[in-house]
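First up is the structure itself, then whatever we jot down about it.
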There are 2 protein chains.
Amino acid sequence: MSGAVGLADPSGTSGESRGPGPAPRRAPTLEEVAELAGVSRATVSRVVNGSSRVSPEALASVTAAIAQLGYVPNRAARSLVTRRTDTLVLIVHERPDTVFSDPFFASVLRGVNRALSPTDLQLVLLQAQGEAQRDRALRYVGNGHVDGVLLISLHGDDIMPNAIAAAGVPLVMAGRLLTGRMVDYVDADNVGGARDAVGHLLATGRRRIATVAGPPDMSVGVDRLRGYTEAVRAAGGDAAAGWVVVGDFTEASGQAATERLLAEHPDLDAVFAASDLMALGALRALRAAGRRVPDDVAVVGFDDAALAAYADPPLTTVRQQVELMGQEMVQLLLARIADPDGEPRELILPTELVIRASA
Amino acid sequence: MSGAVGLADPSGTSGESRGPGPAPRRAPTLEEVAELAGVSRATVSRVVNGSSRVSPEALASVTAAIAQLGYVPNRAARSLVTRRTDTLVLIVHERPDTVFSDPFFASVLRGVNRALSPTDLQLVLLQAQGEAQRDRALRYVGNGHVDGVLLISLHGDDIMPNAIAAAGVPLVMAGRLLTGRMVDYVDADNVGGARDAVGHLLATGRRRIATVAGPPDMSVGVDRLRGYTEAVRAAGGDAAAGWVVVGDFTEASGQAATERLLAEHPDLDAVFAASDLMALGALRALRAAGRRVPDDVAVVGFDDAALAAYADPPLTTVRQQVELMGQEMVQLLLARIADPDGEPRELILPTELVIRASA
DNA sequence: ATGAAAGCGCTAACAA
DNA sequence: TTGTTAGCGCTTTCAT
């Protein structure tokens with residue numbers, strides 16, 4: 001029996017004092033499993049952690065004891081000694097003025113969870129808004145509370161990626177970093193997608209194609225604009241200043257940008273918008289100006305969140321695999337955790353042009 | 001000096017071996033802070049935990065040492081002894097066939113994070129889909145890994161709420177539970193909101209008002225239907241079977257339901273849809289049938305995720321305060337954790353009718 | 001007000 | 001293959 005006496009009923013909380021309802025028992029420990037199985041703690045630990053150096057009999061009795069007791073390892077205790085936390089953190093770092101639509105984020109999250117569900121890892125969510133929260137997140141990450149970081153950064157001049165990487169914590173980003181050190185990331189094929197979009201417009205006879213571009217300090221903005229430019233130039237077209245107006249991914253900015261494009265080029269016959277919300281804005285602006293879509297002007301957007309499907313007419317969009325992006329971010333992160341010093345990796349997911357009534 | 005010798009450079013990992021880049025130092029411990037401050041671990045612990053029984057001098061030197069070392073308490077170690085985890089978990093339990101739109105969830109999440117950010121609590125996210133994942137979540141929660149649970153359950157016959165409550169883990173739900181024990185929850189005023197919607201339709205001269213209701217095993221479905229029924233009956237109208245068709249919150253179901261309503265009552269002049277996606281579906285069905293909105297038929301939806309704002313014409317909707325819902329869920333949960341045996345609490349958030357072109 | 005000491009539940013050498 | 005042992009970093013009596 002050894003000194004296990006005190007374990008039988010710690011501090012006298014045996015349920016009676018709680019009144020009705022099931023008594024919230026203390027969770028069983030390794031020690032209790034070991035006793036029931038008639039082996040030592042170490043052996044139980046080996047079983048739990050899947051060590052091969054365990055006899056079949058020991059394995060059987062331990063497994064039975066675990067099942068009987070409903071034993072689940074205490075993460076805190078384990079983490080204390082292994083210095084692993086079995087925890088990943090997803091940080092969404094936004095400016096106080098949020099620009100991105102939530103559905104995008106929700107889809108990434110869904111993918112992350114899908115990838116995580118067969119593992120024993122848990123996901124901590126940190127929505128960092130503004131400097132104070134950013135620093136808190138950084139402190140949290142920097143102090144060994146997580147095994148790795150998934151980062152969705154919503155602005156280009158973010159110090160987080162470098163700070164996290166510098167702290168030696170494995171990191172994977174959604175989207176390419178424009179400056180600073182090379183960091184693992186997953187991204188959509190924004191250049192190719194934009195090229196396809198413009199290619200489609202060209203193929204359907206459009207020649208005066210304008211674009212509502214994204215912010216130039218974010219890779220999404222830069223890449224989608226590049227795809228547009230390349231495609232237009234390849235067709236001998238003009239991708240000069242007047243055909244490009246920058247927005248900030250919001251519907252309002254898409255609308256305003258399109259108004260300017262119309263003022264500059266009343267004869268435009270197509271608009272490629274670098275986000276779905278901006279495409280929606282473009283649609284509004286065109287209608288307000290009395291233009292008909294798609295007969296008069298065609299609109300193609302980049303599908304950040306499937307929102308564009310609800311436009312009327314539904315917008316032709318470059319479909320990204322947002323959920324897959326979340327999944328792959330996790331895979332990359334796990335690989336990075338397993339091999340901290342490997343080469344930086346990137347993964348570019350293909351996009352697909354979904355043609356609808358609008359173009 | 002005691003036995004602190006071994007701490008100076010544990011296992012010789014002093015950075016040189018890592019090659020270039022900043023050496024991933026071990027995070028400073030209480031012990032180190034204590035030594036630097038010239039006090040004992042216990043005193044540092046008191047300072048960190050805001051105990052009053054500390055002399056001003058001690059407090060000052062400890063505070064300085066903490067700042068100098070950038071000390072952050074190790075959660076695992078703390079949790080091991082306190083049996084608190086300072087962790088809440090948000091469980092989204094969906095059927096394999098997801099019904100709810102993501103934006104709703106994203107908004108709740110945003111509110112949860114907002115409420116959490118001034119605290120030291122962290123949020124773990126569990127997306128439980130199907131039985132296997134549900135049981136895993138239950139095991140996780142039941143074994144003391146979290147201090148409390150926020151639960152968004154997407155179907156009516158869910159065993160999770162009762163299982164969690166039975167395990168004695170503090171729980172707050174989004175939405176009212178139709179059966180089983182009384183559980184703390186936050187909900188929108190679905191009855192009142194639906195009543196307002198129908199009231200508006202009546203006020204604008206509509207008399208033949210149909211509804212696309214939600215699933216009858218969920219409080220959202222039941223309550224919105226009840227609000228509709230009450231309002232229609234109060235006006236002396238007919239809320240009988242033919243005017244009510246049940247959908248499952250998806251756009252497709254809204255469309256199908258509306259088609260049936262039109263078949264049954266070609267003379268209907270308004271549709272109240274119990275979700276924004278179903279309202280969108282209703283819009284499509286009406287158009288397909290050659291009806292004009294809102295001249296011919298008015299449409300009002302329940303706004304679960306602001307998606308309806310993108311319809312054309314923009315839909316008149318009952319606006320819920322989804323983000324606030326998340327915030328309040330956290331407040332309720334914290335209150336419950338502080339007072340596990342208090343009376344069950346509920347919080348009904350007011351809704352607001354946002355009138356747009358469609359009705 | 002402060003310190004000494006005992007452990008929380010677990011893993012990881014090391015012995016056997 | 002198994003058991004023994006020594007902590008991981010922290011909070012918390014219990015002395016002082």
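Below, each value reflects all heavy atoms present in this structure, side chains not excepted, and no hydrogens, waters or symmetry copies. Throughout, protein chains are lettered first and strands after them, A, B, ... in sequence-line order, and every chain is numbered starting at 1.
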* Using atom CZ of A/R78 as one end and atom P of C/dC8 as the other, report the distance to the nearest whole Å. => 19 Å
* May I ask you to test the A/V146-A/L88 pair for a side-chain heavy-atom distance under 4.5 Å? => no
* Between D/dT11, D/dG9, C/dT2, spot the one nearest the side chain of B/A77, thanks. => D/dG9
* **Considering all heavy atoms, the nearest A/D86-A/D147 contact** => N-OD2, 2.8 Å
* **Under the side-chain hydrogen bond (donor to acceptor under 3.5 Å, both in side chains) test, residues paired with B/D135 that sit two or more places apart** => none
* From the options D/dG3, D/dA6, C/dG9, select the nucleotide whose nearest atom is closest to the side chain of A/T43. => D/dG3
* Taking only the side-chain nitrogens and oxygens of B/N74, find out if one of them lies under 4.0 Å from OP1 or OP2 of D/dC8. => no
* Asked: How close or far is atom C1' of D/dG9 from atom CD of B/E32, stated in whole angstroms?
  -> 11 Å
* To do: Tell me what B/V48 touches on the nucleic acid: a base, only sugar-phosphate, or nothing, going by heavy atoms under 4.0 Å.
  => nothing
* Taking CG from B/L80 and P from C/dT11, how many angstroms apart are they, rounded to a whole number? -> 12 Å
* Please report the shortest heavy-atom distance between A/P161 and A/L171, naming the atom on each side. => O-CD2, 3.5 Å
Side-chain donor-acceptor contacts of residues 55-67 of chain B below 3.5 Å, not counting sequence neighbours, with atom names and distances?
| unit_1 | atom_1 | unit_2 | atom_2 | d |
| --- | --- | --- | --- | --- |
| B/S55 | OG | B/A58 | N | 3.2 |
| B/S61 | OG | B/A58 | O | 3.2 |
| B/T63 | OG1 | B/L59 | O | 2.5 |

* Asked: Taking the side chain of A/R53 as its heavy atoms from C-beta onward, which of D/dT2, D/dT11, C/dC10 lies nearest to it?
  -> D/dT2
Distances under 3.5 Å only, N/O to N/O: pair up the protein atoms with those of nucleotides 13-16 of chain C.
none

* **Minimum-distance nucleotide to B/R83 side chain [options: D/dC10, C/dG9, C/dT11]** => C/dG9
* Round to a whole Å and report the spacing from CG of B/L30 to C1' of C/dA4. => 15 Å
* Structure fact -> Among the nucleotides C/dC10, C/dA12, D/dG3, whichever has the atom closest to the side chain of A/T29 is C/dC10
* Strand-adjacent residues in residues 55-63 of chain A, judged by heavy atoms under 4.0 Å from DNA chain D -> A/S55, A/A58
* To the nearest 0.5 Å, what is the distance between CG (A/L121) and OG1 (A/T87)? -> 7.0 Å
* To do: Just grab all the salt bridge (charged side-chain N to carboxylate O under 4.0 Å, His left out) pairs involving residues 39-48 of chain A, residues at least two apart or on different chains.
  => A/E31-A/R41
* salt_bridge(A/D158, A/R95) N-O dist < 4.0 Å -> no
* Grab the CD-C1' distance between A/E31 and D/dA6 for me, whole Å please. => 15 Å
* Phosphate-side-chain proximity, B/S45 and D/dT11, N/O vs OP1/OP2 below 4.0 Å -> yes
* Please report how far the helix from C/dA1-D/dT16 to C/dA16-D/dT1 bends, comparing the axis fitted to its first five pairs with the axis fitted to its last five, to the nearest 10 degrees. => 30°
* Asked: Under the 3.5 angstrom rule, does the side chain of A/E32 hit a backbone N or O of A/T29 as a donor-acceptor pair?
  -> yes
